[in-house]
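Within every chain, numbering begins at 1; the chains are lettered A, B, ... in the order of the sequence lines, protein sequences first and strands thereafter.
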2 protein chains.
Amino acid sequence: MPKNTFYNLSDEKKTRIFDAALQEFSKRSFSASSLNQIIKNAGIPKGSFYQYFDNKEDLYLCFLEYASKENAELLSNFKGMEPDVDVFETVMNETREFHEKGKIMPKYIEVAMLMAVDNSEFILKIRKSSTDRYVKMVERDKERGLIKPEVDSELVINMISAFSYNEYFRNGSDKERYLKNLSNALKIIKDGIKNTEITKE
Amino acid sequence: MPKNTFYNLSDEKKTRIFDAALQEFSKRSFSASSLNQIIKNAGIPKGSFYQYFDNKEDLYLCFLEYASKENAELLSNFKGMEPDVDVFETVMNETREFHEKGKIMPKYIEVAMLMAVDNSEFILKIRKSSTDRYVKMVERDKERGLIKPEVDSELVINMISAFSYNEYFRNGSDKERYLKNLSNALKIIKDGIKNTEITKE
DNA sequence: TCATTATATGACTACCCGGTCACACTATAG
DNA sequence: CTATAGTGTGACCGGGTAGTCATATAATGA
């Protein structure tokens, strides 16, 4: 847990620290990340950092909490689940939105990707809760007769998120290419699980 | 490429080095791995190591070659690209074989998984060449009229490998579950890109 | 005003890393 | 026996890391 001195800091300084943390934690996994790099980017002296946090782990945990709050706020705009839009369109729209919004969000994707490798219990919990929302969308689409009922909803979401993370990394700065590939992959999955029976009345 | 001095080493010493490399490369990604740790475990002095190899990358490449030879007989069953088997069946068969054979294999699997997550340019190059084989299979299936011609072959392989790596990590020790999920995912992708036109004569 | 407390700071420690190099040793050939 | 070439070796280099600490400065309260 960060010390009181951290919470007493100006918002501007706190933001600067979190921004620097985001830069670093989205580039390297926790164990490979450099605290020196973070404080350099944040423009705060080494000594000051240790006035605010116990150590690197302390910062990481605090950062994750902050990041998931940021995340939740942004996603709340979409929570509505518009009735005419299927899960694939939603994923695509939200991803596109991520990129248009300040370009900060995609960095969180990288953080998540690097977290996935660490595979700690703590991270599994966060990931689970973030995919649940999409799993529910798949299930809704099943009920609407758009998707074969025997399909494993969680598996579909795992396919999408795995590809999304991976592809995001692979394409580096070429975001257009990433979005195009994601769109193509979504189309393949959609065609692969679409309900061919005419059960709609 | 290792130097002659390495090949002139006793088999016992060579094995000791590869064993130590396996231990390290299965625990940490290439860029996170420690050469010092490897030579310590292998019980050879730093100076000697550089008599055998140019650098850490040299050892890694050499180790990969050795590892893939170790599994040579395993993969040789499949290398032939049997004419009646499509890319999906091949992936599934190879994966199953990979996991069912031997107790040494899991370590090598860890190496492969960590490789998938490492983003250094060095690793990217290696990874590319290893997926090429599967990309070619997709293209062959296209020519055979099994897969829609407009599909991006590389994208398909990326979807499969991303899911495979991710799912492997997610399911931890539950290999049966992993294989089942992979099978289901392959089915979805297959259905998503199968050629529905009747162009076969 | 002055003493006390909280915060700011960067030089410093100890320990990693990959890689080099001068030197020691050994084997072979003349 | 001696010269030479091949191999073994660990101290060392430059640069990175996380974390510490004495001291300087600012803020606070009596």
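Set against C/dA8, D/dA18, C/dG18, the side chain of A/Leu9 has C/dA8 as its closest nucleotide. Of all nucleotides listed (C/dT9, C/dG19, D/dA18), C/dG19 comes nearest to the side chain of B/Leu35.
Whole-Å rounding puts the A/Ile39 CD1 to D/dA18 C1' distance at 10 Å. As rounded to whole Å, 17 Å separates atom P of C/dA22 from atom OH of B/Tyr50. Between the NZ atom of A/Lys13 and the P atom of C/dT9 there is a distance of 6 Å, rounded to whole Å. Between A/Gln51 atom CD and D/dA24 atom P the separation is 16 Å, expressed in whole Å. Residue B/Phe49 contributes atom CZ, which lies 17 Å from atom C1' of C/dC21 at whole-angstrom precision. The distance between atom CD1 of B/Ile44 and atom P of D/dT7, rounded to the nearest whole Å, is 15 Å. The CZ atom of B/Phe6 sits 18 Å away from the C1' atom of D/dG6 (whole-angstrom rounding). Rounded to a whole Å, the CZ atom of B/Phe53 is 16 Å from the P atom of D/dT9.
Remark: A/Lys56 is positioned above the aromatic ring of A/Phe30, its terminal NZ or CZ atom under 6.0 angstrom from the ring centre and at most 45 degrees off the axis. At least one cation-pi condition fails for A/Lys187 and A/Phe88: the charged atom is not both under 6.0 angstrom from the six-membered ring centre and inside a 45 degree cone around its axis.
Residue B/Asn55 places no side-chain N or O under 4.0 Å from the OP1 or OP2 atom of C/dG18. The side chain of A/Asn8 places an N or O atom within less than 4.0 Å of a non-bridging phosphate oxygen (OP1 or OP2) of C/dT7. OP1 and OP2 of D/dG16 both lie 4.0 Å or more from every side-chain N or O belonging to A/Asn36.
When side chains are defined from C-beta on, A/Leu146 does not count as touching A/Val87, because their heavy atoms never get closer than 4.5 Å.
Between A/Tyr60 and A/Phe25, the two ring planes are perpendicular [angle over 60°; tilted spans 30° to 60°].
Below the 3.5 angstrom threshold, one finds no donor paired with an acceptor across the side chain of B/Lys56 and the base of C/dG19.
Mapping B/Thr5 and A/Ser48 onto DNA chain D by nearest heavy atom places B/Thr5 closer to the 5' end of the strand. For the pair A/Tyr52 and A/Lys46, both in contact range of DNA chain C, the more 5′-proximal nearest nucleotide belongs to A/Tyr52.
Close placement of the B/Phe6 and B/Phe53 rings is indicated, their centers lying within 6.0 Å of each other.
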